[in-house]
Asks: 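Just passing along the structure, written as structure tokens.
Positions are given from 1 along the sequence. Values in this document were obtained by computation on a predicted structure and should not be read as measured data.
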Amino acid sequence: QVQLVESGGGLVQAGGSLRLACAASERTFGSYGMAWFRQAPGKEREFVAAIRWSGGRTYFSDPVKGRFAISGDNAKNTVYLQIDNLKPEDTAVYYCAARTRYSDENRYATGSEYGYWGQGTQVTVSS
């Protein structure tokens, strides 16, 4: 069973930066790409960013565009999320996920496309 392990979360002040990392326990399993989702207290899980291995295309949700960057290594099934200019509303548990289904190009933000999930890392932004 493939496991994804996130790291890099923490408590930061508004305006600060963090770099989250996610590594797979097995580096050779096949995936179409990887993504980050987040879930704030009392809210549903939401898509944050994704990277498609083929062509390296990246996708971002509107609230994080211009502040977040995603990168990764296909061969190692690792993915990173650089978060700059953090805001209190970014406070959430951040989950990485590996995309194991590819039903449609535009379903990168759909949780059911992702077959493997990490346990999450907490990001807390103080004002």
Asks: Please list all pairs passing the salt bridge (Lys or Arg N to Asp or Glu O under 4.0 Å) test where one or both residues lie in residues 5-15, with sequence neighbours left out.
Replies: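 Non-adjacent pairs meeting salt bridge (Lys or Arg N to Asp or Glu O under 4.0 Å): zero.
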
Asks: What residues, two or more places apart in sequence or in another chain, satisfy ring pair (Phe, Tyr, Trp, His ring centres under 6.0 Å) together with Tyr108?
Replies: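 Listed in chain order: Phe47, Tyr59.
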
Asks: Just by modelled atom types, is the Val2 backbone N or O under 3.5 Å from a matching donor or acceptor in the Ser25 side chain?
Replies: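 Checked: no pair found.
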
Asks: Is the shortest heavy-atom distance from the side chain of Glu105 to the side chain of Arg52 under 4.5 Å?
Replies: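 Sidechains of Arg52 and Glu105: in contact.
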
Asks: Yes or no on side-chain contact (heavy atoms from CB on, under 4.5 Å) for Thr100 and Tyr114, after CA distance, side-chain angles and deciding distance?
Replies: CA-CA 5 Å; Thr100 54; Tyr114 297 85; 5.9 Å; no

Asks: Could you check whether atom CD of Gln119 has more than 12 heavy atoms from other residues, nucleotides or ligands sitting under 6.0 Å from it?
Replies: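 At most 12 heavy atoms, drawn from other residues, nucleotides or ligands, come within 6.0 Å of this atom.
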
Asks: According to the disulfide (SG to SG under 2.5 Å) rule, which pairs have a member within residues 51-112, sequence neighbours left out?
Replies: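 Found Cys22-Cys96.
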
Asks: Not counting sequence neighbours, which residues clear side-chain contact (heavy atoms from CB on, under 4.5 Å) with Arg67? List them please.
Replies: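 For Arg67 the side-chain contact (heavy atoms from CB on, under 4.5 Å) partners, ignoring immediate neighbours, are Val64, Asn85, Lys87, Asp90.
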
Asks: Rest of the hydrophobic cluster containing Tyr102 (Ile/Leu/Val/Met/Phe/Trp/Tyr, side-chain heavy atoms under 4.5 Å)?
Replies: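 Members besides Tyr102, by chain and number: Tyr32.
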
Asks: Parallel, tilted or perpendicular for Phe68 and Tyr94, by the 30°/60° rule?
Replies: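 The rings of Phe68 and Tyr94 sit tilted, inter-plane angle from 30° to 60°.
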
Asks: Does any pair with a residue in residues 106-127 pass salt bridge (Lys or Arg N to Asp or Glu O under 4.0 Å), and if so which ones, sequence neighbours excluded?
Replies: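 Those involving residues 106-127 are Arg99-Glu113, Arg107-Glu113.
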
Asks: List the residues meeting side-chain contact (heavy atoms from CB on, under 4.5 Å) with Val93, not counting sequence neighbours, and say none if there are none.
Replies: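 Expected list: Tyr95, Gln122.
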
Asks: Partners of Trp53 by ring pair (Phe, Tyr, Trp, His ring centres under 6.0 Å), sequence neighbours excluded?
Replies: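 Testing Trp53 for ring pair (Phe, Tyr, Trp, His ring centres under 6.0 Å), a comparison that skips the adjacent residues, returns none.
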
Asks: Among the clusters formed by ILVMFWY side chains lying less than 4.5 Å apart, do Ile51 and Trp36 turn up in the same one?
Replies: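 Ile51 clusters together with Trp36.
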
Asks: Please name all residues satisfying ring pair (Phe, Tyr, Trp, His ring centres under 6.0 Å) with Phe60, sequence neighbours left out, ordered by chain then number.
Replies: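 Expected list: none.
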
Asks: Using atom types as modelled and distance alone, determine if a side-chain donor or acceptor of Arg101 lies under 3.5 Å from a backbone N or O of Ser112.
Replies: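 It does hold such a pair.
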
Asks: Are Tyr116 and Val48 connected in the hydrophobic side-chain network, where two residues link if heavy atoms are under 4.5 Å apart?
Replies: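 Looking at the clustering, Val48 is in the same group as Tyr116.
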
Asks: Using the test salt bridge (Lys or Arg N to Asp or Glu O under 4.0 Å), find all partners of Glu46 that sit at least two apart in sequence or belong to another chain.
Replies: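 By the salt bridge (Lys or Arg N to Asp or Glu O under 4.0 Å) rule, Glu46 matches Arg38.
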
Asks: Quick check: does any side chain N or O of Thr121 sit under 3.5 Å from a backbone N or O of Gly9, one acting as donor and the other as acceptor?
Replies: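 Flag set: sc Thr121 to bb Gly9 pair under 3.5 Å.
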
Asks: If you compare all heavy atoms of Pro88 against all heavy atoms of Ser127, which two are closest, and at what distance to 0.1 Å?
Replies: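 So the two residues come closest at CG-CB, 3.9 Å.
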
Asks: Ignoring hydrogens and geometry beyond distance, is a side-chain donor-acceptor pair present between Ser17 and Asp84 at under 3.5 Å?
Replies: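 Distance-only check passes for Ser17 and Asp84.
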
Asks: Applying side-chain contact (heavy atoms from CB on, under 4.5 Å), run through Leu20 and Val123 and close with a yes or a no.
Replies: CA-CA 9 Å; Leu20 307 184; Val123 172; 4.1 Å; yes

Asks: Looking only at heavy atoms, which two atoms of Leu4 and Met34 are closest? And how far apart?
Replies: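 Heavy atoms of Leu4 and Met34 come nearest at CD2-CE, 4.1 Å.
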
Asks: With sequence neighbours excluded, give me every salt bridge (Lys or Arg N to Asp or Glu O under 4.0 Å) pair touching residues 117-127.
Replies: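 For residues 117-127: none.
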
Asks: On a heavy-atom basis, which atom in Asn77 and which in Ser31 lie closest, and how many Å separate them?
Replies: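 The pair with the smallest heavy-atom distance is OD1-OG, 3.1 Å.
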
Asks: Please assess Val12 against Thr124 for the test side-chain contact (heavy atoms from CB on, under 4.5 Å), listing each intermediate value before the final yes or no.
Replies: CA-CA 6 Å; Val12 296; Thr124 303; over 6 Å; no

Asks: Does anything in residues 43-94 pair up under disulfide (SG to SG under 2.5 Å), and if so which pairs, sequence neighbours excluded?
Replies: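 Residue pairs with at least one partner in residues 43-94: there are none.
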
